Undergrad: 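Have a look at this one before I ask anything.
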Amino acid sequence: MNIDELIANVKKKIKKNINIENILIEDKTFLHKNHSGHESNKFHLKITIESEELRGLNKIESNKKIYKILDEELRNHVHSIQILIN
């Protein structure tokens, strides 16, 4: 899976399962290129979500919800994820 496909899949899954006002997903893989554990087929994503639904949860609950939705992507295609909720 390439980065564009991954971003499209992540957006689709989050929009389907969470009421959101806006979502921005950035590829931050370049931050990990020189790390010893870096795998070329895994990516670093920064996800910024504006969501009344997620703001109503505490940080742990909102992150758990997102991790559950993205379980397959996290296991197979994501090296690192950063989640910001506004």
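It should be emphasised that the depicted structure is a prediction, and the values quoted were computed from it without experimental measurement.
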Undergrad: Same cluster for I18 and L57 if Ile/Leu/Val/Met/Phe/Trp/Tyr side chains link at under 4.5 Å?
TA: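 Yes; tracing contacts between hydrophobic side chains, which count when under 4.5 Å, links both residues.
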
Undergrad: Sequence neighbours excluded, which residues qualify as side-chain contact (heavy atoms from CB on, under 4.5 Å) partners of K46?
TA: E26, K28, T48, Q82, L84

Undergrad: Donor-acceptor pairs under 3.5 Å, side chain of residues 8-16 to any protein atom, not counting sequence neighbours: which ones?
TA:
from : atom 1 : to  : atom 2 : distance (Å)
K13  : NZ     : E73 : OE1    : 3.1
K13  : NZ     : E73 : OE2    : 3.1

Undergrad: Who pairs with E50 by side-chain contact (heavy atoms from CB on, under 4.5 Å), at least two apart in sequence or on another chain?
TA: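 E50: side-chain contact (heavy atoms from CB on, under 4.5 Å) contacts with E21, N22, N86.
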
Undergrad: Can you name the residues that form a side chain to side chain donor-acceptor pair (under 3.5 Å) with D27, not counting sequence neighbours?
TA: T29

Undergrad: Can you find a pair of side-chain heavy atoms, one from I83 and one from L45, that are under 4.5 Å apart?
TA: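 No, every pair of side-chain atoms sits at 4.5 Å or beyond.
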
Undergrad: Can you list the residues that meet the side chain to side chain donor-acceptor pair (under 3.5 Å) rule with D4, with sequence neighbours excluded?
TA: none

Undergrad: When rounded to the nearest 0.5 angstrom, what is the spacing between CZ in R75 and NZ in K42?
TA: 10.0 Å

Undergrad: So does N19 get a backbone contact from the side chain of S51, meaning a donor-acceptor N/O pair under 3.5 Å?
TA: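 Yes, the answer is positive, given that a donor and an acceptor are paired below the 3.5 Å cut-off.
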
Undergrad: What's the spacing between L6 CG and N76 CG if we round to 0.5 Å?
TA: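 Rounded to the nearest 0.5 Å, the CG-CG separation comes to 10.5 Å.
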
Undergrad: Pairs in or reaching into residues 76-86: which pass salt bridge (charged side-chain N to carboxylate O under 4.0 Å, His left out), with residues at least two apart or in two chains?
TA: none

Undergrad: In chain order, what residues pass the side chain to side chain donor-acceptor pair (under 3.5 Å) check against E52, with sequence neighbours excluded?
TA: R55

Undergrad: Rounded to the nearest 0.5 Å, how far does CD1 of I69 lie from CG of N17?
TA: 4.5 Å

Undergrad: Would you sort out whether I7 and F43 count as a side chain to side chain contact (heavy atoms under 4.5 Å, CB included), showing the intermediate values?
TA: CA-CA 10 Å; I7 288 172; F43 303 96; over 6 Å; no

Undergrad: Quick check on the hydrophobic clustering: are Y67 and L70 connected, directly or via other members, by side-chain heavy-atom contacts under 4.5 Å?
TA: yes

Undergrad: Going from CD1 on I3 to NE2 on H77, what distance comes out if it is rounded to the nearest 0.5 angstrom?
TA: 11.0 Å

Undergrad: Could you go through L54 and I66, starting from their C-alpha distance and side-chain angles, then the distance that decides it, and tell me whether this counts as side chain to side chain contact (heavy atoms under 4.5 Å, CB included)?
TA: CA-CA 9 Å; L54 293 177; I66 293 167; 4.0 Å; yes

Undergrad: Could you note down all residue pairs passing salt bridge (charged side-chain N to carboxylate O under 4.0 Å, His left out) where residues 59-69 supplies at least one of them, sequence neighbours left out?
TA: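 Found E53-K65.
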
